[in-house]
Amino acid sequence: MERKIKPVYLTDVKSLQQLSRETFAETFGPYNSAEDMERYLATAYQLDQLRYEIEDGQSQFFFIYLDEHLAGYLKLNFGDAQSEISDEDSMEIERIYVKQNFHKLALGKNLMQHALNIARQAVKKYVWLGVWENNQRALKFYEGQGFVPFSEHVFDLGSSSQRDLLLKYNLKGVK
């Protein structure tokens, strides 16, 4: 099976929107009300918002394909584009999602390694991300990749306030 990671361009915005909505709903839909999900998906993944994020020089998106099938995506933030921390020594993994029917094929690991390689090339000291405290599958994955908790924040999804754990990965060999 051939795996390819490719940058996302403005011309890909509709594919990004569809994939973002699908993977977010697969991941969090069972734990939230339909109304909250509908409102969040309509706002967070509207075309104008995604165009803005793609064009932001401090953010990068990547698609991962398996045998030419779009299977997931990754969003990285640098500098002021980071959602919680504004540290020039850090990079945020804001989104890393793989469609459910592609789970257990190590595509998440492929995206993670891609992200860590970019952070090393950018000479960052650490990579961080936020993960919902009840997303045990993701927590296990991140901890298996070497991420450790360092803080937390509240993520509002409609009428629901949820606790996210902030996890950090220190890059070795970077001064």
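Nothing fancy with the numbering, it's 1 onward along the sequence. It should be emphasised that the depicted structure is a prediction, and the values quoted were computed from it without experimental measurement.
By the 4.5 Å heavy-atom criterion applied to side chains, F24 and R95 are not counted as neighbours. The shortest distance between side-chain heavy atoms of F150 and I85 falls below 4.5 Å. With contacts defined as side-chain heavy-atom distances shorter than 4.5 Å, the pair I118/F62 qualifies.
Atom CD of Q46 is surrounded by more than 12 heavy atoms from other residues, nucleotides or ligands within 6.0 Å.
Ring-centre distance between Y40 and F28: not below the 6.0 Å cut-off.
For residues 104-116, every residue pair satisfying the side-chain hydrogen bond (donor to acceptor under 3.5 Å, both in side chains) rule, not counting sequence neighbours, is listed here: R3-N110. A side-chain hydrogen bond (donor to acceptor under 3.5 Å, both in side chains) check over residues 6-22, counting only residues at least two apart or in different chains, returns the pairs S20-Y73. Contacts classified as side-chain hydrogen bond (donor to acceptor under 3.5 Å, both in side chains) and involving residues 135-150 (residues at least two apart or in different chains) are given here: H103-R137.
Under the 3.5 Å distance criterion, with hydrogens and angles disregarded, no donor-acceptor pair is assigned to the side chains of E94 and S83.
Panel note: side chain S59, backbone D56; no donor-acceptor pair is recorded below 3.5 Å. No donor-acceptor pair under 3.5 Å is formed between the side chain of E92 and the backbone N or O of N77. In this structure, the side chain of K124 engages the main chain of E88 through a donor-acceptor pair within 3.5 Å. Side chain of D36 to backbone of S159: a donor-acceptor contact under 3.5 angstrom is found. Under the 3.5 Å distance criterion, the side-chain polar atoms of Q82 are matched with a main-chain donor or acceptor of G79.
When all heavy atoms are compared, the tightest approach of F102 to L70 is CE1-O, 4.0 Å.
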